[in-house]
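Read the structure below first, then the notes.
Hydrogens, waters and symmetry mates are skipped; everything else that's a heavy atom, side chains included, is used. Naming convention: chains lettered A, B, ... in sequence-line order (proteins, then strands); numbering from 1 in each chain. Since we're looking at a predicted model, the values are computed, not measured.
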There are 2 protein chains.
Amino acid sequence: MTQKRMTRQRKAILEILKDRKDHPTASEIYIQVRNRIPHVSLGTIYRNLSVLQELGQVQEINVNNNFKRYDGNPEQHYHFFCQDCGSVYDLYGSYQEELDQIFSQKNPHKIFGHNADFFGTCSHCINSN
Amino acid sequence: MTQKRMTRQRKAILEILKDRKDHPTASEIYIQVRNRIPHVSLGTIYRNLSVLQELGQVQEINVNNNFKRYDGNPEQHYHFFCQDCGSVYDLYGSYQEELDQIFSQKNPHKIFGHNADFFGTCSHCINSN
DNA sequence: TTAGTTGCAAACGCTTTGCCGAAAA
DNA sequence: TTTTCGGCAAAGCGTTTGCAACTAA
């Protein structure tokens, strides 16, 4: 990996991502970065998100295959997807290591870890019905 | 939902998907369907995969955001992604309902279910090193 | 007969990339 | 001064869609 520099653009993206509790798309981040740096380009957003991922400061989330979302929390944690409004939330609760052991015993592969995504109706949508 | 017809194309896609143990992409399916129906089009593959999903006969798998993969096994089951060769396998072992309960207690959302993807090195890659 | 389906090709939408001037270190 | 980075715009690429002809039921 080559030497990385902390540019204004990269710093802005990282700060915005750490501030937000939700998991914005690249273009949502773009809109917000433009408030600070009006002539920033979408290409710059994508390039920096990729660098920040390599550096382990940001996680990419696969909601579905339409577009990627980004998470400023690099810790291992699960996500919840609301089927009604499409929002993505972090879940409270710890990583379930037992799962890796259970499935290691039943399968021939060397399992290093897992991701889990929960789905249902979020608290906001429950209350607005 | 409107009435669905079992066309040659739809039948071919379904049969191919049920036969394969791996989880092909739309264009891999396209290549195989062309052996039976030379003038089939990619658009037809996509449209039928979408219909077969609605009918609950096929599952869509999000490997990463580059493209979708399809699974001819509509049962709830977990997947394993090999980080070395990129293959996707079905895992043996049952759905862990407890997970839904554990995280329902710790979070304000109504959880209906979850997906889990495991990763590591597959048995084939272990043996070839 | 008729409504769903197909092939073809164009359109889409998110993401990546080439180029060259700008700016971290 | 060197080398990474950014802005801009074009290209890439998997997926979707409009349309007229076709076909399962």
Side-chain angles (χ1 to χ4, degrees), chain A residues 1-17 22-71 81 86 88, chain B residues 1-17 22-71 81 86 88:
Chain A
M1 199 187 296
T2 58
Q3 181 61 37
K4 299 301 177 190
R5 295 174 183 172
M6 187 48 70
T7 60
R8 283 195 309 146
Q9 290 84 345
R10 188 164 300 163
K11 189 157 173 284
I13 292 169
L14 189 54
E15 286 174 1
I16 286 169
L17 226 29
D22 62 345
H23 304 85
T25 62
S27 74
E28 289 169 343
I29 296 168
Y30 171 56
I31 290 169
Q32 204 172 340
V33 173
R34 262 194 318 201
N35 294 334
R36 294 202 207 174
I37 307 170
H39 286 282
V40 72
S41 76
L42 241 190
T44 295
I45 305 296
Y46 279 108
R47 273 186 288 230
N48 277 302
L49 286 169
S50 169
V51 169
L52 290 170
Q53 250 188 109
E54 282 179 38
L55 298 177
Q57 307 203 57
V58 156
Q59 280 191 66
E60 190 177 293
I61 304 176
N62 294 318
V63 179
N64 56 43
N65 286 76
N66 293 329
F67 38 77
K68 300 172 181 175
R69 288 184 177 275
Y70 297 87
D71 187 341
F81 299 86
V88 181
Chain B
M1 197 187 298
T2 56
Q3 182 61 35
K4 301 300 178 189
R5 295 177 183 171
M6 187 49 70
T7 59
R8 285 194 308 147
Q9 292 84 344
R10 188 164 299 163
K11 190 155 173 284
I13 292 169
L14 189 54
E15 285 174 1
I16 286 169
L17 226 28
D22 62 347
H23 305 84
T25 61
S27 74
E28 288 169 345
I29 295 167
Y30 171 55
I31 290 169
Q32 205 173 339
V33 175
R34 263 194 318 198
N35 293 334
R36 295 202 207 173
I37 307 170
H39 286 283
V40 72
S41 76
L42 240 190
T44 295
I45 305 297
Y46 280 108
R47 274 186 288 229
N48 277 302
L49 286 169
S50 169
V51 169
L52 290 170
Q53 251 188 105
E54 281 178 39
L55 298 177
Q57 306 204 57
V58 155
Q59 277 192 66
E60 191 177 292
I61 305 176
N62 294 319
V63 179
N64 56 44
N65 286 77
N66 294 329
F67 38 77
K68 300 172 180 174
R69 287 184 177 277
Y70 297 87
D71 187 341
F81 299 84
V88 181

Determine, for nucleotides 17-25 of chain C in 5'-to-3' order, which nucleotides have protein heavy atoms under 4.0 Å from the base (write B), from only the sugar-phosphate (write S), or from neither (write -). BB----BBS

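Rounded to the nearest 0.5 Å, atoms CD1 (I45(A)) and CD1 (I37(A)) are 8.0 Å apart. In this structure, CZ on R69(B) lies 13.0 Å from CG on L49(B), to the nearest 0.5 angstrom. Atom CD1 in I16(A) sits 11.5 Å away from atom CD in E28(A) (nearest 0.5 Å). Once rounded to the nearest 0.5 Å, the distance linking CD1 of I29(A) with OH of Y70(A) reads 7.0 Å.
The interatomic distance linking K68(A) (NZ) with dC14(C) (C1') rounds to 9 Å, in whole Å. Following rounding to the nearest Å, Q9(A) (CD) and dG7(D) (C1') show an atom-to-atom distance of 9 Å. For the pair I37(B) CD1 and dT5(C) C1', the interatomic distance rounds to 12 Å; values are reported in whole Å. Distance CZ (R34(B)) to P (dT6(C)): 17 Å, rounded to an integer number of Å. Nucleotide dA9(D) holds its P atom 16 Å from the CD1 atom of I45(A), rounded to whole Å. The CG-C1' distance, from L49(B) to dT17(D), rounds to 16 Å in whole Å. As a whole-Å value, the separation of R36(B) CZ from dG7(C) C1' is 19 Å. Taking atom OH of Y70(B) as the reference point, atom P of dG14(D) lies 13 Å away to the nearest angstrom.
Place A26(B) and V40(A) on DNA chain D by their nearest nucleotides, and V40(A) ends up nearer the 5' end.
Side-chain nitrogen and oxygen atoms of Q3(B) include none within less than 4.0 Å of the OP1 or OP2 phosphate oxygen of dG4(C). Using a 4.0 Å cut-off, no side-chain N or O of K11(A) falls inside it from OP1 or OP2 of dC5(D). The phosphate of dT5(C) (OP1 or OP2) has no side-chain N or O of N48(B) nearer than 4.0 angstrom. Distances shown here put every side-chain N or O of H39(B) at or beyond 4.0 Å from the OP1 or OP2 atom of dT6(C).
Every residue meeting the side chain to side chain donor-acceptor pair (under 3.5 Å) condition with R10(A), not counting sequence neighbours, appears here in chain and number order: N48(A). The side chain to side chain donor-acceptor pair (under 3.5 Å) check on Q57(A) picks up nothing, with sequence neighbours excluded.
R34(A) forms a cation-pi arrangement with Y30(A), by the criterion of a distance under 6.0 Å to the ring centre and an angle within 45° of the ring axis.
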